[in-house]
Each structure stands twice: as structure tokens, then as C-alpha cells.
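Below, chain A is the first sequence line, B the second, and so on; all start at residue 1.
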Number of protein chains: 2
Amino acid sequence: MEKKLRIRCWITLDQEKFFGPGRLQLLTLIQSEGSLSKAAQQMGMSYKKAWEMINDLNSRGSQPYVLLKKGGEKGGGAEITEHARNLIVKFEKLSEKLEKITEEEVEILDSI
Amino acid sequence: MEKKLRIRCWITLDQEKFFGPGRLQLLTLIQSEGSLSKAAQQMGMSYKKAWEMINDLNSRGSQPYVLLKKGGEKGGGAEITEHARNLIVKFEKLSEKLEKITEEEVEILDSI
DNA sequence: TATCGATATGTTTATAAATATATATCGATT
DNA sequence: AATCGATATATATTTATAAACATATCGATA
């Protein structure tokens, strides 16, 4: 039987989830792939779902996170903005901090 | 527009959620009410759902968390065990620690 | 032994979330 | 203007989750 302590963080806008580990990974994959569809399939997620995530980020956020291009020589493409890169760094730092705490606090599992 | 950073913790057993804020609150209410049905209605949750939570805790955990009595002078009742009280204390401490971090890290919201 | 309030559990209905299917759009390149 | 790969979006279908409803069980007490 595998016991685990899990600590997660995310950001809400008006009570609704806006940014968390899933979107972080999606942004990172868009950065390395240069394509939303490729990023989606790497995550085993439908293109539609990925597109809706990005659309939500871009439309509810104060600034765009991803620039989507349709048509052109390769049919289209996607790239993340400086604003997105900044958030990625901050969010990863926080995640690491929480990962440390998770390790420090494992003893709570003895109470299960 | 209300931005919020949220940090939450829970415990999984074999990848499945086993204990978190909801069950913590349920145990606490059982403690103060002495009744599962009253605890459930205080949380605005169906008795059935609450019973299933407690049944899950008792059957998947190493020791019982709640003792349920049926029949008797008041028709029945519920009380939590020492094991449960111990977990409540530990989990609340951890939650408070995470609450502090949430406050310390609010600046990440500026990156949204 | 009939009552009462609380536990115990099955069945059904409604709602929401995830997934799948289909099609339209775009624009540099050929 | 035809092609291609990727974005854009609607609609349908399935699956999962939750809520509602119904009923059975228990045992001290009267």
C-alpha cells in the first residue's frame, strides 16, 4: 500500500481555476515544440482541450501567454510570450518549495 | 477581479485520495455533534455521502477513525477515535504551515 | 413488542465533465 | 488557385460524478 502526501498549488481568478501544474506543463511544451497541437498530443490531451486552456489564459489574463499563428509555411504555429516565461519561472520556484515541504512532512503519513 | 493563490494538501493511498480538508472537517463535526447525520447536514452534504467517506476511512485505513453505533436510546451515534484526533492535529498543523506560505508567496499573483 | 432516531445501503435520476467527431479557417508556398 | 499543416469552433456522444429517493436495520427504552 503506497501512502503519499501531496501538496499542490494553483491560482484562481474570481474563484475559478486559472493556472496550475497542467497549464504550466502545456506552456512549457508549447515553448519546446512551437506548436499547440504537438504540445497537446505530448500530454495525451485533445487539441480542443489544449486550445480551450490557452484561449482561457489569453482571454482572462491581463496579457497574452501564447501567440497562435494560423496558415503560413508550416500551416501555423504557437509561441509563448515573455509574460508566460516569467510566470513559468515563478511557478516552478514555488512548486519546488512545496516539494521540499512535502519531503519534510512525510511523517504525517504515520498517522494514517 | 479577485486573484488568489491556493495551496492544498491531501493524502493518497495507492494513488487514490484518502484524506483531505473535506474529511478533516467531517471528522471535526462528528466530534462536536456526536452524530454522523448531523455532521453531514452541517456540511450541506447528504448523509449517504458522509457515510461513504467514513466507511472509506475506516476500511482503507490501518485503524478505525469513527465508531458508529446504531440503535440505542438515541437511535445511534458516532464518535471519533484517538487515532482520528491525532490525525486531525497533525493535519491542521500542516494546513496552517501552508497557509503561512500562501501569504508569503502572494507576489506570484503579480505575474498573472 | 412498538417506537424512535440514527446508521446502512441499494436504486434511480439529474448534472456535469470528458471525449469524440466533424468541419471551417487561415496564408505562405508551389 | 490548390495544397498543407496547424489553428478555430461547433455539435454530438460517452463517461463520470453527484443528487435524490427509497428502504432496511439496529437496540435501548417505554
Report task. Write down the distance between CG (B:Leu68) and P (D:dC26), rounded to a whole number of angstrom. Result -> 15 Å
Query raised in the report: Over how many whole Å does the gap from B:Trp51 atom CH2 to D:dA18 atom C1' extend?
Result: 17 Å
Report task. Write down the distance between CG (B:Leu36) and P (C:dG5), rounded to a whole number of angstrom. Result -> 17 Å
**Report entry** Under 3.5 Å on both distances, the Watson-Crick or G-U partner of D:dA30
**Finding:** C:dT1
Requested in this report: With heavy atoms under 4.0 Å as the rule, sort B:Gly77 into base, sugar-phosphate or nothing.
Outcome: sugar-phosphate
Report task. Please report, rounded to the nearest Å, how far the P atom of C:dT9 is from the NZ atom of B:Lys49. Result -> 19 Å
Query raised in the report: Are any of B:Ser37's side-chain N or O atoms less than 4.0 Å away from OP1 or OP2 of C:dT7?
Result: yes
Query raised in the report: Can you check the A:Lys17 NZ to C:dA16 P distance for me, whole Å?
Result: 19 Å
Query raised in the report: Just how far, in rounded Å, is P of D:dT25 from NZ of B:Lys74?
Result: 26 Å
Query - Closest to the A:Tyr47 side chain, choosing from C:dA6, C:dT7, D:dT9 - result: D:dT9
Query - Stepwise side-chain hydrogen bond (donor to acceptor under 3.5 Å, both in side chains) check, B:Glu79 with B:Gln31 - result: CA-CA 6 Å; B:Glu79 61 171 347; B:Gln31 185 173 32; over 6 Å; no
Requested in this report: Among the candidates D:dA8, C:dT7, D:dT7, find the nucleotide nearest to the side-chain atoms of A:Ala78.
Outcome: D:dT7
Query raised in the report: Atom CD of A:Glu79 and atom C1' of D:dT7: how far apart are they, to the nearest Å?
Result: 14 Å
Query raised in the report: To the nearest angstrom, how far is B:Glu33 atom CD from C:dG5 atom P?
Result: 17 Å
Query raised in the report: Contact class for A:Ser46 (heavy atom, under 4.0 Å): base, sugar-phosphate, or nothing?
Result: nothing
Report task. Output yes when a side-chain donor or acceptor of B:Thr12 lies under 3.5 Å from a complementary backbone atom of B:Phe18, and no otherwise. Result -> no
Query raised in the report: Is there a donor on the side chain of A:Lys69 or the base of D:dG5 sitting less than 3.5 Å from an acceptor on the other?
Result: no
Query raised in the report: Salt bridge check: are A:Glu52 and A:Lys49 linked by an N-O gap of less than 4.0 Å?
Result: no
Query - Pairing of B:Arg23 and B:Asp56 as salt bridge, 4.0 angstrom limit - result: yes
Query raised in the report: Between D:dA18, D:dT25, D:dA6, which one does the side chain of B:Lys70 approach most closely?
Result: D:dT25
**Report entry** First of A:Gly75 and A:Lys48 reached from the 5' end of DNA chain D, by closest nucleotide
**Finding:** A:Gly75
Report summary line: Which of D:dA28, C:dT7, D:dT7 is nearest the side chain of B:Glu73? It is D:dA28
Report task. For the pair A:Phe91 and A:Phe19, name the ring-plane relationship: parallel under 30°, tilted 30 to 60°, perpendicular over 60°. Result -> perpendicular
